[in-house]
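Report on the structure given below.
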There are 2 protein chains.
Amino acid sequence: MRGKGKATSFDIAYRAGVSQPTVSRALRGSPTVNEQTRQRILQIAHELNYKVDKNASNLRNQQSGTLALLFFEDPTQDDSLINPFFLSMLGSLTRACAVQGYDLLISFQQLSSNWHVEYEDSKKADGLILLGYGDYLEYVSRLELLVEQGTHFVRWGVVLPGQPGVTIGCDNFQGGRDMTRHLLEQGRGNIAFIGHASEHYPEFLERYKGYSESLRNAGVPVQPGLQIDAFTTERAGYDAVNALIERGISFDALFCASDLIAIGAMRALVDRGVRVPQDVAVAGFDDIPIASFTNPSLTTVQQDTKAAATFLVESLLALIQDEPVQSHTIPAKLMIRQSTRST
Amino acid sequence: MRGKGKATSFDIAYRAGVSQPTVSRALRGSPTVNEQTRQRILQIAHELNYKVDKNASNLRNQQSGTLALLFFEDPTQDDSLINPFFLSMLGSLTRACAVQGYDLLISFQQLSSNWHVEYEDSKKADGLILLGYGDYLEYVSRLELLVEQGTHFVRWGVVLPGQPGVTIGCDNFQGGRDMTRHLLEQGRGNIAFIGHASEHYPEFLERYKGYSESLRNAGVPVQPGLQIDAFTTERAGYDAVNALIERGISFDALFCASDLIAIGAMRALVDRGVRVPQDVAVAGFDDIPIASFTNPSLTTVQQDTKAAATFLVESLLALIQDEPVQSHTIPAKLMIRQSTRST
DNA sequence: CTGAAAGCGCTTACAG
DNA sequence: CTGAAAGCGCTTACAG
């Protein structure tokens, strides 16, 4: 049935005894095609295992039916260190795209590369989804450039006033606040915060601000010495806890800015014979799949990746259709497990 | 500088005072273009922020410059349960594609869908990379169909004789054998195997066969009661250990067919007050990033995802160029950590 | 070294 | 309801 090349709409037209444009119309569900004719065409298309050539239709339509996910990371990061949270996002995004009939092109970018000019221009994608970690202050200027260029994009991050483009994010502040309140309720008075708390990492900063607010509300002083920088890796969490202990800071709870940090932190505690949660409660952020299977299971803040992906994709498609789109914050949800049980 | 639409090669030709084909040649590095002319064209292209329209060039070239990663899974799987091992593979694949100048289109497929006919036909991808888990016997017939159709594809899995298509896989047998020998050397005599051991899941089966061989070599009888089915999730590992204990089977080591299973298994042991590794040694397979941060750190078998991705992509590109390609097995590497320390 | 021409496979006004 | 025509932006023989 199939010759050397794949069947084209001309092949179908020939067999159906109609013109090629009629085939195109029938296949695209145009209401102007006679129902019998359409049925015949669909039948033949099926027999020939015909698929519309996307390159041709996209060229003609000046679009691609594809969204590009640009996952960017610091150059220092290793492939295998990708935060499982982003994997969940990736899975959810792929599904959200499929629901809308779009393909997802994925590209891992170093922050150093010029990802911000590559994609839409080459017409491979109708819009960009930006996801990842790295120094916000370094890439915010690129966001401005994207806006200037008229590139369609959405990003996952913290919604800030005056920010270029559309951002979808979880309510990091609320998550940080709720978690800290929970720790206080469990009778913990010396809560350390492990993670960066600067404008370079706005998500972590928001979590820290939520933490600070809850402390203040409870009349507990916010001690700068209880905060220690860490990137979102197990290694960083491990090292941070050791550094904290070596500084001679005493604490009875660790609020870690991510689950990976928390897992590394728990490990450091255990290695020093500190019991979790009896001696020190540990909490994370993200609710990665492994969080309920650590030992003890990890109390954390859930970011709803399914909702996030749906918002990201729908917002991007709206942008592509020149509809007005607002940044949006998704509520965070406390997941209380064993690692913060009362003493 | 830029009007309503993006710049095309005609815009550049106009400004450079040459014909459009010359622009195309200059941009593609044809040696027949005058060097001065080329420089002028490159300069103008840069000024106009020109990018070749991939839809047009792909249509003309009858190719896409894109590889599609079809990640398939059982319908029961949840987005968030994707094995971190596949994330590592994904990261490595993306990089391997980038090295070759290809984009990677990613698609999550249910085993039930007809992923095997969608991609190459619609010219969105020049070839397919198949990755995932699920019942091998269910999809092997689809592989045959792919071969029949002349679809270019490679898959990650177990290399078996007479198998359709090209397969790249890790040496699961060797990994299983080495790990079991290690456990025996640590003085463990009652090693349970947690994971499916049937032809439906060839990777697990190979690991089980390696396990069996090491036992036999050591004169230890292979007891069917010491094997218990489990999919590759923490939950399955957790449940399997409980089932094993409730069956009244005694064991002093668990060789888990994946790290996720091992993590769930360790959790189940701890919940019952069994000490790891003092009472029971636990080993996994995959060496996912978290393996070195579990408590105790997890002894496991490393699959080299960077090598795997390189083989997969290079093999696929060779297939696309109609070069002969062989299936290939990559050595597995023992990673000994705390969870299997001698008692 | 360069240009005029053809064509990749589709979609959509336009005409009937 | 359907067809003839144009054109999306490129690449590559072919001719000079």
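Computed from a predicted model, the values in this text were never measured in an experiment. Labels below follow one simple rule: chain letters A, B, ... track the order of the sequence lines, proteins then strands, and each chain is numbered from 1.
Rounding to the nearest 0.5 Å gives a distance of 13.0 Å between OG of B:S64 and NZ of A:K54. For the atom pair CD (A:E35) and CD (A:Q39), the distance works out to 5.0 Å, reported to the nearest 0.5 Å.
Within the 4.0 angstrom heavy-atom criterion, base atoms lie near B:S24. A:T32 comes within contact range of at least one nucleobase, with a heavy-atom separation under 4.0 Å. Among the heavy atoms of the strands lying under 4.0 Å from A:S9 are primed sugar atoms or P, OP1, OP2 only; no base atom is included.
Between B:F85 and B:W156, the ring planes are tilted. Angles from 30° to 60° get that label.
Put simply, the side chain of B:S30 never gets that close to the backbone of B:A26: no donor and acceptor are under 3.5 Å apart.
Mapping A:R25 and B:R25 onto DNA chain C by nearest heavy atom places B:R25 closer to the 5' end of the strand. In terms of position on DNA chain C, the residue among B:R60 and B:E35 whose nearest nucleotide sits closer to the 5' end is B:E35. DNA chain D is contacted by both A:T37 and B:A56; A:T37 maps to the nucleotide lying nearer its 5′ end (nearest heavy atom per residue).
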Exercise. What would the secondary structure line of DNA chain D be in dot-bracket form, counting Watson-Crick and G-U wobble pairs under 3.5 Å, with [ ] for pairs that cross earlier ones and | for pairs with another strand?
Worked result: |||.||||||||.|||

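Annotation: B:E323, atom CD; neighbour count of heavy atoms from other residues, nucleotides and ligands within 6.0 Å is above 12. Within 6.0 Å of the CD atom in A:Q36, the count of heavy atoms belonging to other residues, nucleotides or ligands does not exceed 12.
The outermost nucleotides of DNA chain D lying under 4.0 Å from heavy atoms of chain A, listed 5' to 3', are D:dC1 to D:dG9.
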For this session: Report the C-alpha distance between A:E144 and A:Y139 in whole Å, list the side-chain angles of each, state the deciding distance to 0.1 Å, and finish with yes or no for side chain to side chain donor-acceptor pair (under 3.5 Å).
Result: CA-CA 9 Å; A:E144 276 156 14; A:Y139 71 74; over 6 Å; no

Exercise. Are B:D103 and B:T66 close enough, and set up right, to give a side chain to side chain donor-acceptor pair (under 3.5 Å), and what steps lead you there?
Worked result: CA-CA 5 Å; B:D103 278 309; B:T66 298; 4.7 Å; no

